[in-house]
Amino acid sequence: MSASDGCIFCSIASGEATADRVAEDDRVVAFKDAHPRGPLHVLVIPREHITSLADTDDEPLIGHLFATAARIAKEAGYTDRGFRVFANTGADGGQLVPHLHVHVVAGRRLGDPA
């Protein structure tokens with residue numbers, strides 16, 4: 001799928017759509033969530049279109065997504081207080097955009113997600 005196929009995250013990754021980017025490299029793009037759940041709420045996405053975590057076994061990419069998320073939380077000053085990194089997968093898992101992404105949320109006390 002490309003940005004022209006209607007995926008908003010592909011459009012952001014390609015630069016066709018704007019987002020408040022906080023980090024990027026050759027494999028991932030990180031940007032502020034449009035509907036933040038805390039003072040820090042960033043999404044980290046692969047540049048390549050992958051529908052969800054269930055649709056890849058690319059362990060280096062998955063590791064890179066989470067390492068980038070941890071670096072963003074650290075650079076924002078949240079390692080001492082804590083932060084959450086998670087990926088919603090599929091409709092029942094709460095995934096709203098069908099493009100793999102991990103959330104980085106921090107800056108307030110987060111309850112048990114279950």
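Keep in mind it's a predicted model, so treat the numbers as computed, not measured.
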Novice: Could you tell me the separation between the CG atom of Leu96 and the NE2 atom of His101, rounded to the nearest 0.5 Å?
Specialist: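 Going from the CG atom of Leu96 to the NE2 atom of His101 covers 7.0 Å.
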Novice: Going from CD on Glu24 to CD1 on Ile45, what distance comes out if it is rounded to the nearest 0.5 angstrom?
Specialist: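 The CD atom of Glu24 sits 10.0 Å away from the CD1 atom of Ile45.
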Novice: If hydrophobic residues (ILVMFWY) are linked whenever their side-chain heavy atoms come closer than 4.5 Å, directly or via other members, who joins Tyr78 in its cluster?
Specialist: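 Same cluster as Tyr78: Val22, Val28, Leu40, Val42, Val44, Ile50, Leu53, Leu61, Ile62, Leu65, Phe66, Ile72, Phe83, Val85, Leu100, Val102, Val104.
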Novice: Work out which heavy atom in Ala106 is nearest to a heavy atom in Gly82; give both atom names and the distance.
Specialist: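 Looking at all heavy atoms of both residues, the shortest contact is CB-O, 3.8 Å.
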Novice: What closest approach, in Å, do Arg37 and Arg108 show between heavy atoms, and which atom pair accounts for it?
Specialist: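 Closest heavy-atom pair between Arg37 and Arg108: O-NE, 2.6 Å.
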Novice: Which heavy atom of Ile8 sits nearest to which heavy atom of Ala17, and what is that distance?
Specialist: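 Ile8 and Ala17 have their closest heavy atoms at CD1-CB, 4.0 Å.
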Novice: As a quick check of understanding, evaluate side-chain contact (heavy atoms from CB on, under 4.5 Å) for Thr56 and Glu48, giving each step before the final call.
Specialist: CA-CA 11 Å; Thr56 186; Glu48 170 189 5; over 6 Å; no
Novice: Evaluate the criterion side-chain contact (heavy atoms from CB on, under 4.5 Å) for residue pair Asp25 and His64; output intermediate values, then yes/no.
Specialist: CA-CA 10 Å; Asp25 62 27; His64 189 61; 2.6 Å; yes
Novice: Please find the pair of heavy atoms, one from Ala13 and one from Arg47, that lie closest to each other, and give the distance.
Specialist: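 In terms of heavy atoms, the two residues are closest at O-NH1, 3.1 Å.
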Novice: More than 12 heavy atoms of other residues, nucleotides or ligands under 6.0 Å from CZ of Arg21: is that the case?
Specialist: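 Buried by this count: over 12 neighbours within 6.0 Å.
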Novice: Does Asp57 CG have over 12 foreign heavy atoms under 6.0 Å away?
Specialist: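 Open.
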Novice: Who are the side chain to side chain donor-acceptor pair (under 3.5 Å) partners of His99, not counting sequence neighbours?
Specialist: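 So His99 forms a side chain to side chain donor-acceptor pair (under 3.5 Å) with His49.
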Novice: Which atoms form the tightest heavy-atom contact between Pro39 and Gly107, and what is the distance?
Specialist: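 Residues Pro39 and Gly107, closest heavy atoms: CG-O, 3.4 Å.
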Novice: Looking only at heavy atoms, which two atoms of Leu43 and His103 are closest? And how far apart?
Specialist: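 Nearest pair, atom of Leu43 first, then His103: CD2-ND1, 3.2 Å.
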Novice: Take His35 and His41 through the side-chain contact (heavy atoms from CB on, under 4.5 Å) test and state the conclusion after the steps.
Specialist: CA-CA 8 Å; His35 305 285; His41 190 166; over 6 Å; no
